[in-house]
Each structure stands twice: as C-alpha cells, then as structure tokens.
Amino acid sequence: MRTVTFADEVAALTRAIDLADGRLSDAPITAARQTLERIGMRSRLAPDRTVVALMGATGSGKSSLFNALVGEDLARTAATRPTTRRPFAATWGEGATELLDWLEVPERVLRPDDGSGLVLLDLPDIDSTEVEHREIARRMAEVVDVLVWVLDPQKYADAVVHQQYLQPMAAHAEVTMVVLNQADRVSEAEVASILRDLRHLLAADGMDDVETHAVSALTGDGVADLRTRVHAIAASKKARLARARADLIRSAQHLDAAAGGAAAGEITAQHHTRLLEAAFRAAGIPAVAAAVRGSHIRQARAHVGWPPIRWVARFRPDPLRRLHLDRAVGDPALARTSLPGPTPVQEAAVRASAHALVSGATREMPDMWRSAILQEVEGRIPAVVSALDTAVAGVDYERDRLPWWWRVMGVLQILLVVAAVVGGAWLAGLQVLDYLMMPVPVTPMLGEVPWPTVLIAGGLGLGALLALLSMGAARLGGSRRAGRVAHRLREAVARTIERKLVGPLRTELTDYQYFRESLATVLQSKRRLE
C-alpha cells in the first residue's frame, strides 16, 4: 500500500473543499482555503527556517523568558511599556527577512548563525486590553511553526488560554510546548503539583502529549534545557511540516463537523422502481402500446383480410400516424410525438417519486448538502417530463417489418377469390348458352356437386375462413408487437430517467463519498502522528 505523502493530504483537502463548495456552510470552507493558502505561502518562504513563538497572558514573563533564551537583554526596546505591543524577532543567521515581512514582524535582531535556522518571536499578550494586540497574537498563532505557551503559577489554569487557544489548537499538540515560568516563586513541591494539575488540564484540552517545562527566567533555572530543546526542534527542520499537517487536520475536522460525520447513502431499488413506474405512466406507454397493436391489426386487414372488403381497412385511421409515430426518426434529439402531455396527477407522481428517491438516498447526508440535491432534482423535473416524449418518439416501432406469412396468405386469398370468380363466370357462361338454346357442354362434377359451384363456394367460404384465422393470428401478433415495443419504450424511458435524474443523483452520492474519503486521507495523518 502506497504511503500517503503531505502532497497527497494537501490534494485531498483541496478535493474536499471543492466538493463541499455550495454544499456546506461557508465558514469552514473559507477557513480551509485560507489554511491552504497559508501553507503554500509558508512553504515558499524560507522553508529551512523554523518560527517559534512565545505566547501567553499578561504577567507571564514572556519577554523575560525571550531574553533568557536569546542570551541577551533585548527587552530594553520595550522598557517603556508594560506589555509587548508588537512582535519582536530574533533570528539565528540571515535569510529570514522575507519570511518576517510576511509575518508582519517589524522589530527584529540578528543572532550568530548556529545552523539551527531558528526564528524566535515574542508576541503581544493574548489577554491584552488592546484589541489590536489580541488580534496580532491570534493571527500569529495561526501561522508560526511552533507555539510555546508561557504560563505562570498564578494563572496557569486561565480559562482564556485553555478554552480560546489550547482547546481549538488540540490538533497542533505535536508543535506545541507549555512552559511554566516564574517557578522560583513557589516551592519545588508546589511546582511538581502545578505541573501535574497542568498536565491534567492539557489532557482535558486534547493535548495529552504536549511537552511541559518548568523554568525561571529570573534565576535561569531550566532555561538552558529549554533553549537546547527549542534549538533542537528548529534544527530538525520537521516543525514546519508538522504544523502544516496539523493545520490540514484541523481544517478537515471542521469540515467533518460541518458535515456531521454523516456517511453517504445509496439509491434503493424500491424507490427506483417507483420512479420508473411513474415515468412510464407519464410517458403514455400504455396508450402507445395500444396504438401499436391497433396499427398492426389495421395493417393486417390490408394484407390478409378478406379481399372483397380488404380495401375498407385503408380508410381507417392509423393509430400510430395520429401520434406521429408512423415514420422513421431522422434526429432522435428532435423527435416529437403528438401524445397528450402527462396530466398534472402524472407529473406530480413523477415529482413525488423523484423526491422520495432523493430523500431516501440522502437521508444521512448533511442538511445543506441534502437540500441542495433536492432543489437540483426538483428543478430537473420539467425537463425530464419533456424528455420522456423524445424518448417515446425515438423508439423502433417495427413499422416496415411485415410477417412473411402475410404475403403467402394474401396471395392464397387472391387465388381463392380468382377461383370463385372463375366458378361464377363458368356458371354464367352455362346460363348464357342455355338461354340462347345452344348446346351446353357437360359440366364436370366433384361427386354430385358441379365444379363451378365448388369453385364459387370454396373460393368464397375458404377465403372468408382464412381471413378470420389470419385476423385472429394478426391480433395475437399485434399483442406481441405491442409487448416488444412497450419493452423498448420502458428501456428508453428508463435510460432517460437514468440520464436526467438517477445518474446525477449517483454523481452527487459519489461526490459526497469522495468528500468523506478525502477527509479520511487527511484525518488518518493524525493517527500517524500520534
């Protein structure tokens, strides 16, 4: 099985966003798109650098810890203010200028290059009374590679930190550190107790495995170990990708939450059959089948009916001609019949059946997604009903396929009529000769019946009998032809319903399943990270 790469995860989230566009609420989709934009931009700007940001509430000692980690008193640039107003950066080595410009960090200082590629930021307080300061902290929390939360013994359980920052950033546990600063203000036993309680709170925030450190920027306790750890994280060059993956996971989680975690549905045979039956009725298949049978019987009368009255059939209207179904179709897309349109009841039945089909197949899907599909199907109904007439007109009605026995029976009946005419002419000739008192030839006999009488009676009687039998067979053939045509009509209508309604619904269900699979591709990376 192929290993899923980061590029695969980016592509999967992109697919999920595209599929969900217009089908889920805008907020998670917009946020996910912004995440992809940030990831793309960050990957192009100094990808060998690792941005580590110190964040915390007022009084946590962020700036003091920043100075202690840098190894130089840089806080003098902020000596006149009680809190950090703008981000301040220390970069180890050159090459981070464009990155810091993108991060909007105006104040920066260059440190000797140690090969780590570290960029350390001191950020404004997250609970500052200035809205601008809080906004800077929030924005930076979204883009830096590693977050180091600086807490103090008095406010380590602050709800603002845990509820507004740590809990929403649970997916970023791998690139998050928590530092308990000002450990010198409490005893060693109290530090241990606070750390235990802090880890319990972090577990409740969804950050079970987050690194925790206890330091004192004032005395220097623990600072060297923390500095070593921060530089090691930067030197590993893995934090940027881990942060990006965490961002992908969080976006996927938000999309999953917006979708309610619902699975894709499927089209049931019961609803499908109900829709087809409604469409068959709306297309007028029973009426067309009856017209096919009637047209077949009319043709049969003209070919195998009793010759003396056969011509009468030609004056009877052709049922298929009345429906404009008596000639071959040039362009099936333009074919039309003169069938009366479906009644309001029939169209309503198609609409209700389509609604039931969609409702059944999408009942587990998100409300917005489901509603969008229902509206789309609802809008297709008039076009579907119109397309049914085209489907009916394009069917093969076997107009030019005459049974071979019609020709044989037609010739035979003509011969029988000729025989009757010959018999009649024979008798008439004998009557004329007798009237003129001329010698009458001997009339041959069939038993005791003269041949002229046999020819007349046999020609007329047998011809009429054959006509009756032929018409009986023709009616049976008409029923069979009507059955074959009705089968083709049902297939044509079924194809139209599949193309116009069921097919698009299958596509929607497939898209949603693809959306679920795309999210799963991203969310599986969380398990791999864990």
Rounded to the nearest 0.5 Å, how far does [atom2] of [Y] lie from [atom1] of [X]?
X	Y	atom1	atom2	answer
L374	L357	CG	CG	10.0 Å
F515	T510	CZ	OG1	15.0 Å
L110	T97	CG	OG1	8.5 Å
T268	R274	OG1	CZ	10.0 Å
R243	I39	CZ	CD1	9.0 Å
M207	L166	CE	CG	5.0 Å

Could you tell me whether the side chains of [X] and [Y] share a donor-acceptor contact shorter than 3.5 Å?
X	Y	result
D125	T58	yes
R33	T30	no
T228	D225	no
D122	S63	yes
S359	H355	yes
H231	D114	yes

In the structure I gave you, are the side-chain heavy atoms of [X] and [Y] within less than 4.5 Å of one another anywhere?
X	Y	answer
R245	E174	no
V4	E9	yes
W149	I126	yes
I249	L523	yes
L218	S64	no
D247	L36	no
V175	V144	no
W369	L24	yes

Margin query: Run the side-chain contact (heavy atoms from CB on, under 4.5 Å) test on W92 and L120 for me, step by step, so that the C-alpha distance in whole Å, both residues' side-chain angles and the decisive distance to 0.1 Å come before the verdict.
Written below: CA-CA 9 Å; W92 277 256; L120 186 64; 3.8 Å; yes

Using only atom types and a distance under 3.5 Å, with no angle test, would you say the side chain of [X] pairs donor to acceptor with the backbone of [Y]?
X	Y	result
D8	T5	yes
D48	G117	no
S371	D367	no
R281	I285	no
D184	T219	no
E508	A372	no
R111	V70	yes
R44	G40	yes

Considering only NZ, NE, NH1 and NH2 on the basic side and carboxylate oxygens on the acidic side, decide whether D145 and R42 come within less than 4.0 Å. yes

Check this for me: does any side-chain nitrogen of one of R138 and E135 sit under 4.0 Å from a carboxylate oxygen of the other?
yes

Tested for salt bridge (charged side-chain N to carboxylate O under 4.0 Å, His left out) against E376, the lone hit among K500, R23, R370 is R23

- Task: Check the pair Q154, Q182 against side-chain contact (heavy atoms from CB on, under 4.5 Å), reporting the backbone distance first and the verdict last.
- Result: CA-CA 10 Å; Q154 288 74 36; Q182 302 173 2; 3.9 Å; yes

For [X], is the [atom1] atom crowded, meaning more than 12 foreign heavy atoms sit under 6.0 Å from it?
X	atom1	value
F6	CZ	yes
Q167	CD	yes
Q270	CD	no
E266	CD	no
E98	CD	no

Write down the atom of [X], the atom of [Y], and the distance for their closest heavy-atom approach.
X	Y	result
V223	S216	CG2-O, 3.6 Å
L255	A16	CD1-CB, 4.5 Å
P87	P124	N-CD, 4.2 Å
D152	S60	OD2-CA, 3.8 Å
S353	L275	CB-CA, 3.6 Å
T50	K237	OG1-CA, 4.5 Å

Apply salt bridge (Lys or Arg N to Asp or Glu O under 4.0 Å) to E142 and R250, showing your working.
-> CA-CA 11 Å; E142 296 288 336; R250 186 171 65 164; 2.5 Å; yes

* May I have the step-by-step check of side-chain contact (heavy atoms from CB on, under 4.5 Å) for V105 and M140, ending in yes or no? => CA-CA 10 Å; V105 180; M140 297 299 286; 3.9 Å; yes

The residue among L202, V210, V148, D205 that forms side-chain contact (heavy atoms from CB on, under 4.5 Å) with T176 is V210

Start with the C-alpha distance between V52 and M177, add both sets of side-chain angles, then the distance that settles side-chain contact (heavy atoms from CB on, under 4.5 Å), and finish with yes or no.
CA-CA 10 Å; V52 179; M177 297 173 61; over 6 Å; no

Residues pairing under side-chain hydrogen bond (donor to acceptor under 3.5 Å, both in side chains) where one sits in residues 189-202, two or more places apart or in two chains, turn out to be Y156-D197, S187-E190, R199-T212

